[in-house]
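Each chain gets a letter, A, B and so on, in the order its sequence line appears, and its residues count up from 1.
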Amino acid sequence: MKLHNTLTGKVEPFIPLQEGEVRMYNCGPTVYKRQHLGNFRAFITADLLRRTLTYLGYRVTQIMNITDVGHLTEDDVADASGEDKLQKIAKERKLDPWEIAREQEQFFKDDLAALHIPPADEYPRATDHIPEMIAMIETLIEKGHAYEADGNVYFSVESFPGYGKLSGNTPDKLEAGAGGRVVADRDDKRSPHDFALWKRDPKHLMQWDSPWGKGFPGWHIECSAMSHKYLGETLDIHTGGPDNIFPHHECEIAQSESIFNKTFTRYWVHCGWLEIGGGKMSKSKGEMYTLPELFEMGYDGRDLRMFLTRQSYGGPLPFDLDLLDQAKAERGRFQNFVSYEMRERPEGPDNPAVGAAIDAARAAFRAALEDNINTAGAMAALHTFTTEINRIGPNRSEAENVIAFMRECDAVFGILDPDGARSLDEEIEQLIAERQAARDKKNWARSDEIRDELLARGIELLDTAQGVRWKKT
RNA sequence: GGUGGCGUGGCCAAGUGGUAAGGCAAUGGAUUGCAAAUCCAUGAUCCCCGGUUCAAAUCCGGGCGCCACCUCCA
């Protein structure tokens, strides 16, 4: 298995700290507003990693945080009007921020389920880990990495020489390249690059007691605290969206490594942006789609999975409805293959080419995944496979092996509907029978009339060599 | 200004030294009562200009274009 590591900028062999076991932390959602499709690219990437590692035989422990405390709107230049997003929405909706956080957390989990993303081992909430964060901040102060200023606590970036190793944004570069954007307008900070560990703001709706008075934690410390609690001092994998690289993950490294004096995360994995109209899909910009909106338009969770997984996770992914249709059509090809082409196959002589094709496809599939989760390559292997099998025309038992293999691969992609009990109501069964009778009499007009009627009701009829088949559209 | 990424056929996209996977769409053919599905066939001087090499989409240098981060953001 090879993975692209943001820390080195290279694809490198993945070797977990403990053989066969992977400890993975995923930066989760900020629960103040419904997540949109772009957000889910990061969560699908985490899911894909977990599924791939599991497929390859690793035992994976997966932790995803829930950021329910909200972030500082202006981490560096917060002032009296600086407001937390959660708090802002709460005011607008005249609701308790806790209520919104819990409601949005549930929506998030609903959306994960709709995307067929199995739950992580834990979804720790930031607000449930305030004592752990405070303890870490105290340690940072003791070790000289942080300082208090009037109820605020800041991390001193210059106390950590490794700052910038993840993103390339070292303090000198930030200084040189600031372009007027880094402004030292907070005089209680020793350096404009220092970031908040604990904030004092009487107007803030979520408040906790601390050694520095009432206040609330800075954004970055929660991930250092929770990853440590659930996964230990060194993580194998830490994931997130591209926006997390700087400053969030850079700051996490500074905090955790300053405390434990050891590598915080061995492999940093970040997905690329989901782009719409040439730019990123973003909560703070207008154009975006939530899952319920897309379901309303007739796409289902597996179509969205197909769209989000069919190309490599690392680069930018353009989004528009035409591309989503392309993905839906591509998924339809696989679904059709397992649900119809390979069903009710006739008995017949064995063909050794079928087993050989499965072996070859499995090897190609696995090799692609091991190469930095090359999903496009793995998909291509399956397309080549299905075409070859369709050409061969396997017998009944061979077709069962083919389906089993496709299901095996789908443990990674999660794009195939399980063929549950397939039944139609009696009226429809009767119409199908009536049409068959009409066809036997070559009454094509009546036959086509029934076919059109059923199509309008979402049942598509297909006349095959094995008789009439139907599928839901 | 700094940092990171991207530029491959109509669309999407693998491939990072040996002469371009795959999907979507389109067209023709086989099959079909007609369809659908399926199978077969058809398309690329890999952004530009130099250079290295027997050999470059792939390495090096220089351009051009696009995106993002540096402020909350997956």
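With sequence neighbours excluded, the residues satisfying side-chain hydrogen bond (donor to acceptor under 3.5 Å, both in side chains) with A:S256 are A:S224. A:S312 is linked by a side-chain hydrogen bond (donor to acceptor under 3.5 Å, both in side chains) to nothing, counting only residues two or more places apart in sequence or in another chain.
Of the listed nucleotides (B:G23, B:G22, B:C69), B:G23 has the atom at the smallest distance from the side chain of A:E330. Of the listed nucleotides (B:A14, B:A74, B:C12), B:A74 has the atom at the smallest distance from the side chain of A:W273. The side chain of A:E275 sits closest to B:C67 out of B:G15, B:C67, B:A74. Here the side chain of A:A376 is nearest to one of B:A21, B:C24, B:A74, namely B:A21.
Residues A:A445 and A:G28 each lie close to RNA chain B; by heavy-atom proximity, the contact nearer the 5' end of the strand is made by A:A445.
Remark: the separation of the C1' atoms in B:U52 and B:G61 is 11 Å, to the nearest Å. As rounded to the nearest Å, B:G63 and B:C12 have P atoms that lie 28 Å from one another.
In this structure, A:F307 places its CZ atom 14 Å from C1' of B:G23, rounding to the nearest Å. When the C1' atom of B:C69 is taken as reference, atom CG of A:L274 falls 17 Å away, rounded to whole Å. Taking atom CD of A:Q436 as the reference point, atom C1' of B:G33 lies 12 Å away to the nearest angstrom. If you take CG of A:L382 and C1' of B:A14, they are 14 Å apart, rounded to a whole angstrom. Taking atom NE2 of residue A:H270 and atom C1' of nucleotide B:G4, one finds them 11 Å apart after rounding to whole Å. Taking atom CG on A:L317 and atom P on B:G7, their separation rounds to 13 Å, with Å as the unit. Per the geometry, OH belonging to A:Y313 stands 17 Å off P belonging to B:A13, to the nearest Å. Taking atom CH2 of residue A:W444 and atom C1' of nucleotide B:G33, one finds them 4 Å apart after rounding to whole Å.
A 3.5 Å limit on both hydrogen-bonding distances identifies B:G51 as the Watson-Crick or G-U partner of B:C59. Nucleotide B:U3 is matched to B:A68 when pairs are restricted to Watson-Crick or G-U wobble geometry with both distances under 3.5 angstrom. Pair check for B:G17 finds none; no Watson-Crick or G-U wobble contact set falls under 3.5 Å. Base pairing of B:G10 is made with B:C24, judged by Watson-Crick or G-U wobble geometry with both donor-acceptor distances under 3.5 Å.
For the side-chain contact (heavy atoms from CB on, under 4.5 Å) with A:M306, the lone residue among A:L416, A:I415, A:D300 that qualifies is A:I415. Applying the side-chain hydrogen bond (donor to acceptor under 3.5 Å, both in side chains) test between A:S447 and each of A:R435, A:E434, A:K442, A:Q436 identifies A:R435 as the sole match.
Taking the side chain as every heavy atom from C-beta outward, A:E341 and A:I389 never approach each other to under 4.5 Å. A 4.5 Å side-chain heavy-atom check between A:H238 and A:N26 finds every atom pair outside the cut-off.
Residue pairs meeting the ring pair (Phe, Tyr, Trp, His ring centres under 6.0 Å) criterion with at least one member in residues 367-387 of chain A, sequence neighbours excluded, are A:F334-A:H383, A:F385-A:F405.
A sub-4.0 Å separation between OP1 or OP2 of B:A74 and a side-chain N or O of A:T30 is present. Here A:S312 reaches the OP1 or OP2 of B:A14: one of its side-chain N or O atoms lies under 4.0 Å away. OP1 or OP2 of B:A13 has at least one side-chain nitrogen or oxygen of A:Q311 nearer than 4.0 Å. Phosphate proximity of B:G2 to A:N169: absent, as no side-chain N or O sits under 4.0 Å from OP1 or OP2.
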Which donor-acceptor pairs under 3.5 Å do side chains of residues 108-119 of chain A form with protein atoms, sequence neighbours excluded?
from   : atom 1 : to     : atom 2 : distance (Å)
A:K109 : NZ     : A:E105 : OE2    : 3.0
A:D110 : OD1    : A:Q106 : NE2    : 3.0
A:D111 : OD1    : A:R34  : NH2    : 2.7
A:D111 : OD2    : A:R34  : NE     : 3.2
A:H116 : NE2    : A:R302 : NH1    : 3.3

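Using a cutoff of 4.0 Å between basic side-chain nitrogens and carboxylate oxygens, A:E158 and A:R190 are not scored as salt-bridged.
Aromatic ring orientation, A:H249 versus A:W268: tilted (interplanar angle from 30° to 60°).
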Report summary line: 5' to 3', nucleotides 35-44 of chain B under a 4.0 Å protein heavy-atom cut-off (B base, S sugar-phosphate only, - none) gives BBSSSS----
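For RNA chain B, the residues of residues 235-245 of chain A within the heavy-atom distance limit of 4.0 Å (strictly under) are A:G240, A:G241, A:D243, A:N244, sorted by number.
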Report task. Take A:E370 and A:K2 through the salt bridge (Lys or Arg N to Asp or Glu O under 4.0 Å) test and state the conclusion after the steps. Result -> CA-CA 6 Å; A:E370 285 179 332; A:K2 289 189 291 183; over 6 Å; no
